[in-house]
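Okay, structure first, notes after.
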Amino acid sequence: MPMSSGRKAFYITASIIIAFILWFYVNNSADVDLTINEIPVEFFNADSALANKGLVLISGDDATEDLVLNMPRSMVFGFNTERVRLVADLNSVNSTGTQTVSYSIIYPPDTNTRQISVKSPSVRTVSVRIGELFRRNDVEIRCKLVGNVADGYVAGSVQLLPKALEIWGQQSDVMQVSYAQVTLNIANARSTIVELLEYKLYDYNDNLIENSNIHAASDTVQVTMPVISATDIPLTVRFVEHPGVRIDSFDYSMDVSSVTLSGDANQIAQLGELILGEIDLSTIEDERIFTYEIPIPEGLTNLSGVTTATLTIANRDIASKDLTVTDFEVVNFEAEDRVAEIVTSSLDITLRGPRAVLDGLSPENVHAVADLSGVADASGTYTVPAELRIDGDPDVGTLQSYQLTVRIAAPEPEEPGGEPENQPEPEGGPETGGEAEGTNEE
């Protein structure tokens with residue numbers, strides 16, 4: 001029975017698919033070569049094992065190798081060539097000169113290495129040159145600061161760890177190094193900075209050294225720079241004024257006006273100012289110099305380094321004037337059965353104040369007032385405080401307090417008859433005198 005055209009087409013298509021599958025299976029399982037060019041050789045123990053033996057890798061550390069690997073075609077598509085590594089261990093090197101070192105091939109993880117063979121090179125070695133090690137452990141490390149800390153903050157001293165750099169290599173290379181330098185950016189810093197920074201090597205002409213044959217104990221340097229808040233605190237002296245003795249009449253200056261303190265921000269804010277001492281202006285006759293120790297509160301640090309301040313003050317306008325007061329009165333005495341009499345006849349006083357004001361005062365302008373509040377209920381003679389009252393109430397004062405002597409007693413009795421002495425007679429003579437005389441004559 002003849003085959004229909006539709007069935008014929010189906011069998012043809014199925015045959016093609018089966019043939020392709022068979023072809024792909026046969027070819028996919030076949031081995032192919034994979035070439036990887038210029039794979040760098042990594043050297044282990046170059047800075048440890050060699051250095052401990054007094055040796056150093058001079059050249060050969062930039063070696064590369066080309067690999068030709070054979071593997072099933074099915075592995076090629078998933079094989080990551082960038083993860084193939086060549087590793088040479090220098091632990092076996094014990095002398096100087098040109099040495100041949102074997103290297104191992106490390107394949108990407110999860111690779112079935114039993115299905116891979118190395119077609120080339122047949123001998124897996126690399127040549128290196130080993131020299132005698134020259135070591136220095138005193139290379140200065142410098143820190144270059146970039147930027148500024150934020151306003152109101154101060155940068156402290158930079159601390160480096162390690163303090164000096166240890167390097168090694170060939171003597172000709174190592175001796176070119178003058179210092180290592182790190183760069184720290186402190187722009188707008190408001191707190192202590194701690195960073196691990198890479199360094200660069202410089203020669204004695206401050207030129208950058210780029211030499212891979214110079215090795216170091218560390219690739220980074222820990223840089224710590226304290227950043228603390230700082231505030232300028234004014235220094236002040238309290239002036240004790242008196243009537244007539246005001247600070248406006250003095251010239252004064254301090255050699256230090258403020259100090260910079262660091263510490264707790266709240267403590268500094270509450271501080272406001274540092275008071276050095278107190279000066280009674282009445283004691284300044286001409287010019288005086290005062291030296292003060294600057295008191296720094298506990299917990300704060302004086303960043304200025306200044307420990308003392310000197311104040312110079314000079315009397316510009318204050319003078320004294322002596323007067324004799326004779327005008328007296330009493331206050332705080334209201335007794336009806338006694339009288340108060342001031343015994344003091346005159347009182348010598350000294351007034352202090354601006355010269356122009358004192359020049360306009362005379363004894364007639366000054367009055368001494370006795371305060372009897374303490375003896376108002378007593379009798380006898382007492383010394384009581386005296387207050388000076390000056391016409392116009394000018395701004396003047398005294399150097400001391402004054403007293404007046406008063407006598408408190410009952411008033412003196414009147415003359416007998418109740419009439420005052422030396423009273424004039426009425427006109428015409430006594431009313432009865434003439435009549436009596438006339439009567440006596442009869």
Side-chain angles (χ1 to χ4, degrees), residues 3-51 55-94 98-130 169 195-200 210-220:
M3 184 181 298
S4 66
S5 59
R7 179 172 292 186
K8 183 178 181 180
F10 170 77
Y11 283 115
I12 293 174
T13 302
S15 299
I16 294 174
I17 293 175
I18 293 171
F20 177 79
I21 292 174
L22 292 173
W23 177 87
F24 181 80
Y25 175 78
V26 171
N27 283 276
N28 198 43
S29 61
D31 290 343
V32 296
D33 292 340
L34 176 64
T35 301
I36 309 174
N37 297 318
E38 296 185 349
I39 305 174
V41 179
E42 304 174 31
F43 293 93
F44 284 0
N45 294 311
D47 292 339
S48 56
L50 282 185
L55 303 176
V56 62
L57 177 62
I58 297 176
S59 64
D61 55 344
D62 57 350
T64 61
E65 290 289 321
D66 297 334
L67 287 184
V68 179
L69 303 177
N70 184 266
M71 65 183 71
R73 185 184 300 275
S74 58
M75 292 185 62
V76 173
F77 298 105
F79 190 83
N80 189 348
T81 58
E82 294 182 355
R83 302 192 68 178
V84 176
R85 299 169 57 201
L86 306 181
V87 177
D89 192 344
L90 299 180
N91 190 43
S92 60
V93 176
N94 296 304
T98 302
Q99 307 285 335
T100 300
V101 182
S102 299
Y103 63 81
S104 302
I105 303 174
I106 299 178
Y107 295 103
D110 301 327
T111 299
N112 187 354
T113 58
R114 289 177 296 180
Q115 294 182 287
I116 301 175
S117 62
V118 180
K119 293 187 66 175
S120 176
S122 58
V123 178
R124 293 187 288 277
T125 60
V126 64
S127 294
V128 295
R129 192 158 65 93
I130 304 299
E195 290 190 17
L196 282 175
L197 300 176
E198 295 183 354
Y199 56 83
K200 295 181 179 180
E210 295 181 343
N211 188 341
S212 60
N213 293 325
I214 300 176
H215 306 274
S218 173
D219 294 330
T220 59

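This one's a predicted model, so the numbers in the text were calculated from it and none came from an experiment. Quick note: numbers below take in every heavy atom, side chains included, and nothing from hydrogens, waters or symmetry partners.
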Taking Asp89 for the side chain and Val87 for the main chain, is one N or O donor matched with an acceptor at less than 3.5 Å? no
Please report the shortest heavy-atom distance between Asn112 and Met75, naming the atom on each side. O-CE, 4.0 Å
Do the side chains of Ile105 and Val118 get nearer than 4.5 Å, heavy atoms only? yes
Which atom names give the shortest non-hydrogen contact between Asn94 and Leu55, and what distance separates them? C-CD1, 3.6 Å
Quick one: closest heavy-atom pair of Glu198 and Thr220, and the distance? CG-CG2, 4.1 Å
Using the test side-chain hydrogen bond (donor to acceptor under 3.5 Å, both in side chains), find all partners of Arg85 that sit at least two apart in sequence or belong to another chain. Glu42
Nearest heavy-atom neighbours spanning Ser218 and Tyr199: O-OH, 2.5 Å
Under a 4.5 Å cut-off applied to non-hydrogen side-chain atoms, are Leu50 and Ile130 in contact? yes
Of the non-hydrogen atoms in Pro121 and Tyr103, which two are nearest, and what is the gap between them? CG-OH, 3.4 Å
d(Leu197 CG, Asp219 CG) to nearest 0.5 Å is 13.0 Å
Provide the closest heavy-atom pair for Leu34 versus Thr81 in the form atom of the first, atom of the second, distance. CD2-CG2, 4.0 Å
Rounded distance [0.5 Å steps], CG in Asp66 versus CD1 in Ile36: 10.0 Å
Who passes side-chain hydrogen bond (donor to acceptor under 3.5 Å, both in side chains) against Lys200, sequence neighbours left out? none
Out of curiosity, Leu67 CG to Leu86 CG, how far, rounded to the nearest 0.5 Å? 5.0 Å
Any side-chain heavy-atom pair of Val84 and Ile39 under 4.5 Å: yes
Mind checking what makes side-chain hydrogen bond (donor to acceptor under 3.5 Å, both in side chains) contact with Asn70, not counting sequence neighbours? Asp33
